[in-house]
Amino acid sequence: MSRDFQVSTNFLWGVATSASQVEGAWNEDGKGMSIADCLRYRPEIDVKNYKKVNDIDTQEIQKAIQDPESKNWAKRHGVDFYHHYKEDIEQLAEMGISAFRFSISWPRIFPNGDDEKPNQKGLEYYLNLVKELKKFGIEPVVTLSHYDMPLNLVLNYNAWYDREVVGFYERFTTTVIDYLKDYVKYWIPFNEIDSIIRHPFASAGLVRDRFVNKNFNEVIYQSMHHQFIAAAKVVEYCHHNYENMSVGSMITKTTVYPYNSDPRNVLKSLKQMREVYAFSDIQVRGFYPEFLLKKFEDENIALKSQKEDKKLLLDNTADFIAFSYYSSVCAAEDTEGLSVSLANTTSGVYNKFLPQTKWGWQVDPIGIRISLIELADRYNKPLFIVENGLGAEDKLTENQEVHDTYRIDYLAKHIYQVLTSMEEDGVQLLGYCTWGATDMISASTNQMSKRYGFIYVDLDDFGNGTYKRFKKDSYYWYRDLLNYGKQIP
Ligand code: BGP
């Protein structure tokens with residue numbers, strides 16, 4: 001499979017990371033503790049059961065607070081990007097990337113979330129980071145919240161369930177947007193804003209045992225509403241103050257197939273996809289879809305909102321739709337006798353036409369093209385693939401090489417479908433970022449050994465290693481792709 005693609009020179013070819021998965025320096029230079037600092041690799045839990053790993057209770061949080069030195073809390077050290085960022089960006093610039101997606105650690109700017117004044121050292125770190133990117137002509141794509149809100153907001157405000165947190169987030173985002181205004185024009189308020197449903201603690205700081213007398217579903221949807229209001233305020237602030245800025249809605253896009261042509265399964269797959277679209281619908285169309293309002297009614301969920309909320313959402317819709325794509329899943333109404341699996345983002349059954357990774361994620365390059373068409377047709381707005389990659393247990397050889405041909409194969413096939421979709425399906429795409437620049441800590445399993453990067457980092461699941469970096473075979477492949485035309489081998 002090989003063909004020549006004509007891609008515009010302003011198409012953004014990039015890589016993506018997140019603060020809590022790469023930075024480390026969890027308590028340095030004034031940074032406060034985040035919810036991510038309370039998540040650890042738990043070998044006793046099946047790595048496919050990411051919901052359990054990331055849905056922790058108050059006891060686990062207290063254990064984390066009382067255990068500041070342990071290396072078990074993998075996201076505290078990340079891959080020490082905080083101290084390695086110049087070296088890493090130089091190596092990424094050598095690849096020829098034109099975009100670098102990263103996130104701002106909220107507690108690095110406001111250590112407790114409710115502080116009156118920002119932590120100047122935190123602001124300076126990110127200003128130096130974007131200056132380094134601009135030195136190499138690399139466009140920053142900035143996520144303002146990527147699973148690492150200040151822990152204090154969980155313990156003293158119940159996180160996103162508390163409307164007051166919207167105000168704290170507004171203080172954080174306006175401070176950062178103003179500070180980086182000369183360097184950043186692409187902003188994403190929340191990473192995978194739909195993930196609050198999958199892991200309420202990791203995404204929104206919601207701790208089940210703090211709501212024992214409440215309908216936890218209502219807590220989740222109320223918190224979701226607060227995040228939508230907060231995201232709309234980012235759009236409003238950018239549009240009113242900086243005309244060159246664009247703000248994106250970002251969802252987890254998993255292509256959903258019916259397990260077979262049984263109409264019950266087709267209906268199930270349609271309903272499953274609507275659940276995810278609800279999130280981008282609200283941010284891109286500016287109002288709650290009828291089916292979600294019906295669901296609230298059926299489940300006696302009465303969202304509390306303020307009188308200005310409706311107009312705020314309607315007047316401040318997203319400029320583009322960003323999404324992560326890793327795999328597809330199959331929906332089956334009647335799973336009797338089927339090998340039901342917990343696929344990566346929603347429960348489903350295995351698709352017998354597709355291979356799967358050790359973590360049960362099914363590899364489906366055509367699925368990314370299907371998702372592009374679905375999103376283009378639904379919203380008719382620019383799209384942006386901000387995560388696509390393969391998690392695998394890479395091995396460093398004695399002569400310090402990593403022959404990750406499987407990752408090259410995954411990326412080549414997905415990029416082929418992306419470029420084909422741009423040429424043949426009329427899809428308007430701003431850019432494509434792989435997930436992973438260097439290796440980093442897995443969001444769902446808190447493992448280091450689930451590697452995604454083009455650059456191997458010497459570190460294991462328990463924080464042992466030299467942090468030394470080694471370019472993988474895929475590093476050279478992506479470099480050649482970015483620099484020598486779009487011939488996909
Ligand atoms: C996405 C997250 C990323 C990243 C990615 C890979 O959902 O936005 O932060 O983690 O998943 O998944 P994982 O790291 O769990 O393998």
Side-chain angles (χ1 to χ4, degrees), residues 14-23 34-36 39-42 45-55 74-75 78-79 81 100-105 141-149 188-204 227 248-255 276 279-280 322-329 342-346 356-363 368 371 384-394 407 410-411 414 433-454 457 459 461:
V15 295
T17 65
S18 83
S20 70
Q21 295 171 264
V22 296
E23 284 185 1
S34 82
I35 57 176
L39 294 167
R40 63 188 168 92
Y41 171 41
R42 299 161 82 181
I45 298 176
D46 176 350
V47 288
K48 289 182 186 164
N49 193 352
Y50 61 85
K51 291 186 182 184
K52 193 150 181 259
V53 170
N54 289 292
D55 212 356
K75 290 178 178 153
V79 290
F81 180 73
F100 181 76
R101 179 181 174 227
F102 65 95
S103 74
I104 308 281
S105 168
V141 179
V142 182
T143 313
L144 287 157
S145 177
H146 197 134
Y147 304 160
D148 59 356
M149 77 185 301
I188 295 172
F190 291 95
N191 178 70
E192 298 181 332
I193 196 163
D194 57 291
S195 61
I196 190 171
I197 302 288
R198 281 199 311 276
H199 30 73
F201 174 75
S203 297
Q227 288 189 333
S249 165
M250 196 249 176
I251 58 167
T252 318
K253 186 68 179 73
T254 300
T255 308
V276 177
F279 291 83
S280 37
F323 65 99
S324 58
Y325 174 88
Y326 291 92
S327 62
S328 61
V329 292
L342 262 185
N344 64 328
T345 52
T346 49
Q356 56 179 281
T357 69
K358 171 185 172 185
W359 290 269
W361 297 20
Q362 298 216 260
V363 179
I368 201 169
S371 277
F384 201 152
I385 297 171
V386 293
E387 293 182 24
N388 175 238
L390 177 71
E393 285 185 313
D394 300 342
R407 180 165 294 108
Y410 176 100
L411 293 175
H414 283 79
C433 290
T434 64
W435 180 253
T438 65
D439 291 339
M440 66 180 90
I441 306 298
S442 159
S444 57
T445 69
N446 301 306
Q447 287 176 287
M448 184 64 203
S449 54
K450 187 178 185 188
R451 297 173 184 274
Y452 281 91
F454 290 114
V457 178
L459 195 64
D461 284 340

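Not measured: the values here are computed from a predicted model. For ligands, and for the atoms within them, numbers begin at 1 and follow the listed sequence.
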| message | Using a 4.0 Å cutoff against the non-hydrogen atoms of Q21, which atoms of ligand 1 qualify? | response | 3 (C), 4 (C), 9 (O), 10 (O), 14 (O)

| message | Which of the numbered atoms in ligand 1 are under 4.0 angstrom from any heavy atom belonging to W361? | response | 12 (O), 16 (O)

| task | Compare E387, K450, E192, M440 and give the one whose heavy atom is closest to atom 7 (O) of ligand 1. | result | E192

| request: Hey, can you tell me if W361 and Y452 have their rings parallel, tilted or perpendicular (30° and 60° cut-offs)? | output: tilted

| query | Are R42 and N54 close enough that a side-chain donor and a side-chain acceptor fall under 3.5 Å? | reply | no

| Are any of the N/O atoms in T445 less than 3.5 Å from those in ligand 1? | no

| note | Note: Y452, heavy atoms under 4.0 Å from ligand 1, region reported as side chain

| task | Looking only at distances, please establish whether an N/O atom of ligand 1 is found under 3.5 Å from an N/O atom of R198. | result | no

| request: Taking only heavy atoms of S442 into account, list the atoms of ligand 1 that are under 4.0 Å away from them. | output: 13 (P), 14 (O), 15 (O), 16 (O)

| query | Step by step, would you call Y325 with E387 a side-chain hydrogen bond (donor to acceptor under 3.5 Å, both in side chains)? | reply | CA-CA 6 Å; Y325 174 88; E387 293 182 24; over 6 Å; no

| Value rounded to 0.5 Å, distance of OG in S371 from CD1 in I385 | 9.0 Å

| Y147 to ligand 1: N or O pair under 3.5 Å? | no

| Which part of N191 is near ligand 1, with near meaning a heavy atom under 4.0 Å away: side chain, backbone, both or neither? | side chain

| task | Using a strict 4.0 Å threshold on nitrogen-to-oxygen distance, state whether K358 and E393 make a salt bridge. | result | yes

| Measuring from the heavy atoms of T252, does anything fall under 4.0 Å of ligand 1? | no

| query | Would H146 count as a contact of ligand 1 if the rule is a heavy atom under 4.0 Å away? | reply | yes

| query | Heavy-atom contacts under 4.0 Å between S444 and ligand 1: side chain, backbone, both, or neither? | reply | both

| said: Would S203 and S195 count as a side-chain hydrogen bond (donor to acceptor under 3.5 Å, both in side chains) here? Give the steps. | reply: CA-CA 6 Å; S203 297; S195 61; 2.8 Å; yes

| note | Given the options I35, D148, I441, L39, S20 meets side chain to side chain contact (heavy atoms under 4.5 Å, CB included) only with D148

| Checking D55 side chain against H199 main chain: does a donor-acceptor pair fall under 3.5 Å? | no

